[in-house]
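Scope of the values below: all heavy atoms of this structure, side chains included, with no hydrogens, waters or symmetry mates.
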Amino acid sequence: MLKQPKAKKIVQYMALSTILFSIATILIPMSVSAYWDNLGGRPALTLTDGDENGDGATFLDEEGNPRSFIGDYTPVFNSIVNNPNYGDERNFVTALAIDQDMHGAWNSNTITAEDGQVYLVRIYVHNNNPNGEDATATGTKVAFSIPTASSDQIEVGGWINSDNANATQIYDDISFQAPDGQSFHLEYVYGSAMLYNKGFAGLSGTGFPDDSIVTNASSGGALIGYEDFNGRIPGCFEYTQIVTIKVKVVYDHEFELDVKVRLAGTHDEFTESVDAKVGDKVEYQIEFHNNTANDIQENVIIRDVLPNNMVYVGNTTYLYNSNHKDGKQIPQDGDLFDGGMNIGNYEPNASGWVRFTAEVTDKSLEEGDNVLVNWAQGMVKATIHQDHAKTMVQKPKITHTIITGLLCVLLVLCLLIIIYLLLKLRRTPK
């Protein structure tokens, strides 16, 4: 039988992983019910202690036959069913309340959703191929899908995507359930996404550059990696990654907030997202609605957090409600983006809207597609709800810009040559 990398080395990596990834331990294997992959069934690998000589590690497939990775450098994500540091890796999306003990309270299938509680949702990422850097996964991204609709049961999905893995896309989820059947929704805590590894992110972890891991889930999410956010993850336990976000459970019994956007100066409908380019102005609308049947909600506060590359246009904030049907300009623009702006009191089932304009700039746009996410919060006493709207901005790549510039220069030269030839033709004696 072909030997795998030394058993002792793998065992050492396992032990080191146990120490460094206390955030990932200890999850007792449970029944797998939600996992999925684009192959319709990626390998299920069982890890043994090594051969009779103790100098080789062996994987067994579903039939109990040896699975050799000698000469096979294809990345395989989260297929080990008996990872001693984790359990069944196919159940790679887990959650727990942030005030719970992180060394054993993780839930892998369902979790009780308590009103106002903030939960840590985790994705465990492990390239199972033991060939290290020779089996590096490329273009590796992680995404969380968080439904915006309210229900008494909400599934938060986790995705691991890779360009060259055995299964290029795998999925798992965790179900949040209300104990009493009451409707609720989940709010992502913006800026909470963290990456942990034994590489550049370290034991204490590092934050993601933006919130695309949630807001750009349909396009694969956000790159992760061992040495940088570059999508590269070598194989074996040493390169395990942990990704976490925070979500808040909000029961739908007081009020709701809805954020939408449109291009400024138009009469288009406000939508969840809009396409724009650098220099364009967009108009945001933050809608507050009192959901109660009998309670007046007083001193409602609206706060907005503009993304990078979006700049507020001064004196464009207006408040619309039953008292200001045509809109009232609010001069204290800074309050909206600081501690929040008081938009007054609202009767049961009443609504109010705040609208303002912002301009797309290029302070730190990346080449290609950019998603600028504007977050807003609505506050009534101690209760906070939030929502977001997205502006999609595409920045031409340098090569595209250079080619476009060269074509323009070539066009100008052709025109000059044509003019020159025409003038020369006119001067030629007949």
Can you establish whether the number of heavy atoms outside [X] located under 6.0 Å from its atom [atom1] is more than 12?
X      : atom1 : result
Gln153 : CD    : yes
Asp326 : CG    : no
Glu62  : CD    : yes
Arg303 : CZ    : yes

Verify whether the ring centers belonging to [X] and [Y] lie closer than 6.0 Å.
X      : Y      : value
Tyr119 : Phe176 : yes
His126 : Phe77  : no
Phe337 : Phe356 : yes
Phe200 : Tyr226 : no
Phe255 : His385 : yes
Phe92  : Trp159 : no

A side-chain contact here means heavy atoms from C-beta on lying under 4.5 Å apart; do [X] and [Y] qualify?
X      : Y      : result
Val380 : Tyr346 : no
Val243 : Tyr196 : no
Ser212 : Val371 : no
Val214 : Ile146 : yes
Leu365 : Val393 : yes
Phe288 : Asp258 : no
Thr215 : Lys390 : yes
Val313 : Lys281 : yes

Partner residues of Asp335 under the side chain to side chain contact (heavy atoms under 4.5 Å, CB included) criterion, sequence neighbours left out: Gln332, Met341
What distance do [X] atom [atom1] and [Y] atom [atom2] have between them, rounded to the nearest 0.5 Å?
X      : Y      : atom1 : atom2 : result
Leu257 : His388 : CG    : NE2   : 12.0 Å
Thr391 : Leu306 : OG1   : CG    : 9.5 Å
Ile301 : Ile384 : CD1   : CD1   : 10.5 Å
Ile123 : Ile245 : CD1   : CD1   : 7.5 Å
Ile242 : Thr94  : CD1   : OG1   : 8.0 Å
Thr138 : Arg232 : OG1   : CZ    : 7.0 Å

Is it true that the NZ or CZ of Arg67 lies under 6.0 Å from the centre of Phe69's six-membered ring and within 45 degrees of the ring axis? yes
Geometric class of the Phe229/Phe208 ring pair [parallel <30°, tilted 30-60°, perpendicular >60°]: tilted
Please state whether the rings of Trp375 and Tyr188 are parallel, tilted or perpendicular, taking 30° and 60° as the class boundaries. tilted
How would you list, by chain and number, every residue that makes a ring pair (Phe, Tyr, Trp, His ring centres under 6.0 Å) with Tyr320, sequence neighbours excluded? none
So does [Y] get a backbone contact from the side chain of [X], meaning a donor-acceptor N/O pair under 3.5 Å?
X      : Y      : result
Asp61  : Pro66  : no
Thr316 : Thr357 : yes
Asn129 : Asp72  : yes
Asn131 : Ala135 : no
Gln117 : Glu114 : no
Asp37  : Gly41  : yes
Asn128 : Ser79  : yes
Asp152 : Gln182 : no
Asn127 : Ile233 : yes
Thr240 : Phe237 : yes

Nearest heavy-atom neighbours spanning [X] and [Y]:
X      : Y      : answer
Leu372 : Asn309 : CD1-O, 3.9 Å
Leu223 : Lys141 : CD2-CG, 3.6 Å
Ser192 : Asp211 : N-OD1, 4.4 Å
Leu186 : Val156 : CD1-CG2, 3.4 Å
Tyr251 : Ala113 : OH-O, 2.7 Å
Asn290 : Glu347 : ND2-O, 3.1 Å

Looking only at side chains, do [X] and [Y] share a donor and an acceptor under 3.5 Å apart?
X      : Y      : answer
Gln377 : Asp387 : no
Tyr124 : Asn91  : no
Ser364 : Asn308 : no
His185 : Glu187 : yes

State plainly whether the residues Lys395 and Asp362 are in salt-bridge range, i.e. N to O under 4.0 Å. yes
Going by an N to O cut-off under 4.0 Å, is there a salt bridge joining Arg262 and Glu283? yes
Derivation of the side-chain hydrogen bond (donor to acceptor under 3.5 Å, both in side chains) call for Thr383 and Glu254: CA-CA 9 Å; Thr383 302; Glu254 293 183 349; 3.0 Å; yes
Taking it one step at a time, do Val282 and Val274 satisfy side-chain contact (heavy atoms from CB on, under 4.5 Å)? CA-CA 8 Å; Val282 298; Val274 67; 4.2 Å; yes
Give the C-alpha distance, both sets of side-chain angles, the deciding distance and a yes or no for side-chain contact (heavy atoms from CB on, under 4.5 Å) between Asp280 and Glu359. CA-CA 6 Å; Asp280 283 349; Glu359 181 177 351; over 6 Å; no
Let's go through Asn82 and Asp88 carefully: what are the C-alpha distance in whole Å and the side-chain angles of both, what is the deciding distance for side-chain contact (heavy atoms from CB on, under 4.5 Å) to 0.1 Å, and is it a yes or a no? CA-CA 5 Å; Asn82 63 334; Asp88 192 335; over 6 Å; no
Report the C-alpha distance between Val93 and Asp173 in whole Å, list the side-chain angles of each, state the deciding distance to 0.1 Å, and finish with yes or no for side-chain contact (heavy atoms from CB on, under 4.5 Å). CA-CA 6 Å; Val93 178; Asp173 60 42; 5.5 Å; no
